[in-house]
Amino acid sequence: MLDIAPSKQASTWLSALARALEADDAEAAATLFVEDCYWRDLLTFTWNITTMEGRDAIREMLKAILATAKPSHWMLSGEATSGEGIVEAWFSFETSVARGEGILRLRDGRCRTLFTAMRELKGFEEQKGPARPLGIRHKADPARETWAEARARETRDLGATEQPYCLVIGGGQGGIMLGARLRQLGVPTIIIEKNARPGDSWRNRYRSLVLHDPVWYDHLPYIPFPENWPVFTPKDKMGDWLEMYVRVMELNYWVATKCVSASYDEAEQVWTVVVDRVGRHITLKPKHIVFATGAYGPPRKIALPGAETFKGELLHSSQYSSGEKFRGKKVAVIGAASSGHDLSVDLWESGADVTMIQRSPTTVAKSDTLMEVGFEIFSENALARGISTDKADLIVASTPFALVPKGQRDLYEVIKERDAAFYDRLRAAGFAIDFGEDETGLLMKAYRTGSGYYIDVGACELIINGEIKVKSGVGIKSLTPSGILFDDGSELAVDAIISCTGYQSMNETVAAIVSREVADKVGPCWGLGSGVKGDPGPWQAELRNMWKPTAQDALWFHGGNLALSRFYSKYVALQIKARMEGIATPVYGAVSNVQR
């Protein structure tokens, strides 16, 4: 088999799979996979975001879904490639209700990993390209309604005389992108945002904030950043872009609006949601609600013994906006992950005397190094090779989470060798470095716990030079009236303490708005059940609760960085659209509700 051209190998395998599935022969299909195989599916077969690990899991899934999915029209898309004993090919296919796309990887003629993802629902395709709307009727009509009049009517009626089908709680990047996806699918949606303007969730943050990820990784759907956009976007520029996007994409976006309460009627299958819109309570009746309140939930505030005696200012990073008020003062920053570094730089630039208190080692990666070896498929070079952002998204998604650690471990071996001198200088400055419990680095920390890492965009040089001081490896015993007393008996006199201690899970937001019972039923978000500290088992194979059905009907979570929000917003929108149109969506696979 190995001497056959890659495309021939891929075509032969795909044809065999098609025949087995058409014959409703799950056993025959399963034998086409190697023993240690993975099939990751985004909706097409399972109406879920789930990964089947091993032949037995694939066989059981196929037995359960083939009668309704009715997959067909399997075709290769372009030429297959080969390398390191693996044949890789892109393909398209259909089910009874959708069109899909995917990537297969063969080893010795059998499938090692299969990735399938829904592209569109049949009969409910987005009106774009050749199918774009005309926008106007070219004839005289005394009853004509202009675009502006239609938008004004929609804005006036939705939420008043007409109810939204979906309510998105949170109007930051995630809520905005999901709103755009739902808009293009014709799902009546209202997005509510507590701030005064779209984009304020970025504008209101500390003055020096700049995105740590490069522009090619951060595009929004439908309207990519222009070619002259900076590689790293400043926060206010990002805020302005989001505000423009809301207007151009014609989103129904309510500012200065907070969700007061929400309850679900299981019999009627409808939510009753009370919102406070500029001081006026309004009751909405959506069929679905999506929590898009950020990557995580409410601030996590740690107990500091003696806090009541401290005479200075004590605040959480979520309450911080500028270092100007701390000019000439001594400030302790508790936490040495992304926020801790960013705030320390902002304080230093504002003229404060800063000490970072590092409670546990941090994974650090230089931004320019990640640009070259970590974000390679999101770059100008990748675009020149025909790898668009959409294609790069699918490549990333096609790797099952169980296999990501090995690739990341290999990547960080390269990074550690490449930047050895940099890490030596950081350690010499008293800064504790690790690369995760299993040496898998930054990305796995992000997936597993969302904490303990920093992409260096300037803070590390200040630490190395001693301009940002570090207190590491010593616990805090208590606060005193004038500062902090450590376990080793040393004291640090400070005028202010800023806790960069992260955020709770998104289900804690549900507890505040819906109920403690529902929050506990759906369980926490994020994490893979990897067994490392902060991410207990059992193994989930997917991120808990994100972008897929939860234990509470008609309640969804959407969030993440710009890239994750861009990619997965499509699949949240397709799930909600299918339910609106009455398409059967039998969900295969258990929901994730493991407690942390």
Residue pairs involving residues 381-391 (criterion salt bridge (charged side-chain N to carboxylate O under 4.0 Å, His left out); sequence neighbours excluded): Glu376-Arg385

Flag side-chain contact, heavy atom, 4.5 Å: Leu403 against Arg112: yes

What I want to find out is whether Glu517 reaches Lys521 closely enough, with some N-O distance under 4.0 Å, to be called a salt bridge. no

Anything under 30° is parallel, anything over 60° is perpendicular, the rest tilted; go ahead and classify Trp556 against His288. tilted

Can you tell if the side chain of Cys111 reaches within under 4.5 Å of the side chain of Leu32, non-hydrogen atoms only? no

Check ion pair Arg19-Glu22 (N to O, under 4.0 angstrom): no

Please test Arg59 against Asp25 for salt bridge (Lys or Arg N to Asp or Glu O under 4.0 Å), starting from the C-alpha separation and ending with a verdict. CA-CA 9 Å; Arg59 182 188 305 109; Asp25 192 341; over 6 Å; no

When you measure from the side chain of Ser367 to the backbone N and O of Ile455, does any donor-acceptor pair fall under 3.5 Å? no

To the nearest 0.5 angstrom, please state how far the CD1 atom of Ile58 sits from the CG atom of Leu114. 7.5 Å

Beyond-backbone contact of Trp241 with Leu220, side-chain heavy atoms, under 4.5 angstrom: yes

Considering only heavy atoms from C-beta outward, does the side chain of Met371 approach that of Phe232 to under 4.5 Å? yes

Could you tell me whether the side chains of Ser569 and Arg181 share a donor-acceptor contact shorter than 3.5 Å? yes

As an exercise, state the distance from CG of Asp218 to CG of Leu211, rounded to the nearest 0.5 Å. 5.0 Å

Side chain to side chain donor-acceptor pair (under 3.5 Å) partners of Glu120, counting only residues at least two apart: Arg99

dist Gln575:CD -> Asn48:CG (nearest 0.5 Å) comes out at 7.5 Å

When you look at Met177 and Leu562, which way does the side-chain contact (heavy atoms from CB on, under 4.5 Å) test go after all the steps? CA-CA 9 Å; Met177 284 189 255; Leu562 285 155; 3.7 Å; yes

Drop me the distance from Ile103's CD1 to Thr113's OG1, to the nearest 0.5 angstrom. 8.0 Å

Any salt bridge linking Arg183 with Glu154? Criterion: basic side-chain nitrogen under 4.0 Å from a carboxylate oxygen. yes

Can you tell me if Asp535 and Ser530 form a side-chain donor-acceptor pair at under 3.5 Å? yes

Are side-chain N/O atoms of Asp41 and Thr50 paired as donor and acceptor at under 3.5 Å? no

Within 6.0 Å of CE in Met75, more than 12 heavy atoms from elsewhere: no

Pairs meeting criterion side-chain hydrogen bond (donor to acceptor under 3.5 Å, both in side chains) with involvement of residues 392-404, two or more places apart: Arg105-Ser398, Asp393-Arg566

Quick check: does any side chain N or O of Ser15 sit under 3.5 Å from a backbone N or O of Ser11, one acting as donor and the other as acceptor? yes

Quick note, side-chain hydrogen bond (donor to acceptor under 3.5 Å, both in side chains) partners involving residues 69-80, not counting sequence neighbours, are Ser7-Glu79

When rounded to the nearest 0.5 Å, the distance separating CD1 of Ile576 from SG of Cys166 is 4.0 Å

Phe91 vs Phe93 aromatic rings, parallel, tilted or perpendicular, using cut-offs 30° and 60°? tilted

May I have the step-by-step check of side chain to side chain donor-acceptor pair (under 3.5 Å) for Gln173 and Trp202, ending in yes or no? CA-CA 9 Å; Gln173 61 203 35; Trp202 283 96; 3.1 Å; yes

Is the shortest side-chain heavy-atom distance between Ile223 and Met249 below 4.5 Å? yes

Carboxylate-amine/guanidinium contact Arg448 Asp438, below 4.0 Å: yes

side-chain contact (heavy atoms from CB on, under 4.5 Å), that's the test. Do Val373 and Arg418 meet it? Break it down for me. CA-CA 10 Å; Val373 301; Arg418 175 189 174 117; 4.0 Å; yes

Could you list the residues that satisfy salt bridge (Lys or Arg N to Asp or Glu O under 4.0 Å) with Glu380, not counting sequence neighbours? none

Decide yes or no on side chain to side chain donor-acceptor pair (under 3.5 Å) for Glu126 and Tyr222, but give the supporting numbers first. CA-CA 11 Å; Glu126 291 186 12; Tyr222 309 114; 2.8 Å; yes

Would you say the side chain of Ile289 lies within less than 4.5 Å of the side chain of Tyr264, judging by non-hydrogen atoms? no

Should we say atom CZ of Arg247 is surrounded by more than 12 heavy atoms from elsewhere, each under 6.0 Å from it? no

Chi angles and distances behind the side-chain contact (heavy atoms from CB on, under 4.5 Å) call for Asp553, Gln269: CA-CA 8 Å; Asp553 287 345; Gln269 296 184 321; 5.5 Å; no

Have Glu53 and Trp39 got a donor and an acceptor in their side chains that come within less than 3.5 Å? no

Considering only NZ, NE, NH1 and NH2 on the basic side and carboxylate oxygens on the acidic side, decide whether Glu439 and Lys416 come within less than 4.0 Å. yes

Does a side-chain heavy-atom distance below 4.5 Å link Leu121 with Glu581? no

I'd like to check the side chain to side chain donor-acceptor pair (under 3.5 Å) partners of Lys122; sequence neighbours left out, ordered by chain and number. Glu94

So, Trp13 versus Phe33, ring centres under 6.0 angstrom or not? yes

Please walk me through it: do Phe378 and Trp216 pass ring pair (Phe, Tyr, Trp, His ring centres under 6.0 Å)? CA-CA 5 Å; Phe378 295 95; Trp216 307 279; 9.6 Å; no

Measure up the Phe291 and Phe557 rings against each other and bin them: parallel (under 30°), tilted (30 to 60°), perpendicular (over 60°). tilted

Can you tell me how the ring of His219 sits relative to the ring of Phe225, calling it parallel under 30°, perpendicular over 60° and tilted otherwise? tilted

With rounding to the nearest 0.5 angstrom, report the CD1 to SG distance, Ile192 to Cys259. 4.5 Å

Any chance the side chains of Glu60 and Tyr588 put a donor and an acceptor closer than 3.5 Å? no

Can any side-chain N or O of Asn507 pair as donor or acceptor with the backbone N or O of Val522 at less than 3.5 Å? no

Any donor-acceptor pair under 3.5 Å linking the side chain of Tyr447 with the backbone of Gly527? no

Are Val572 and Lys548 packed together at the side-chain level, in the sense that at least one heavy-atom pair is separated by less than 4.5 angstrom? no

Could you tell me whether Glu437 and Lys533 make a salt bridge, using a distance below 4.0 angstrom between a side-chain N and a carboxylate O? no

Less than 4.0 Å between a side-chain N and a carboxylate O, is that true for Asp36 and Arg55? no

Evaluate the criterion side chain to side chain donor-acceptor pair (under 3.5 Å) for residue pair Glu542 and Thr51; output intermediate values, then yes/no. CA-CA 7 Å; Glu542 294 285 345; Thr51 299; 2.6 Å; yes

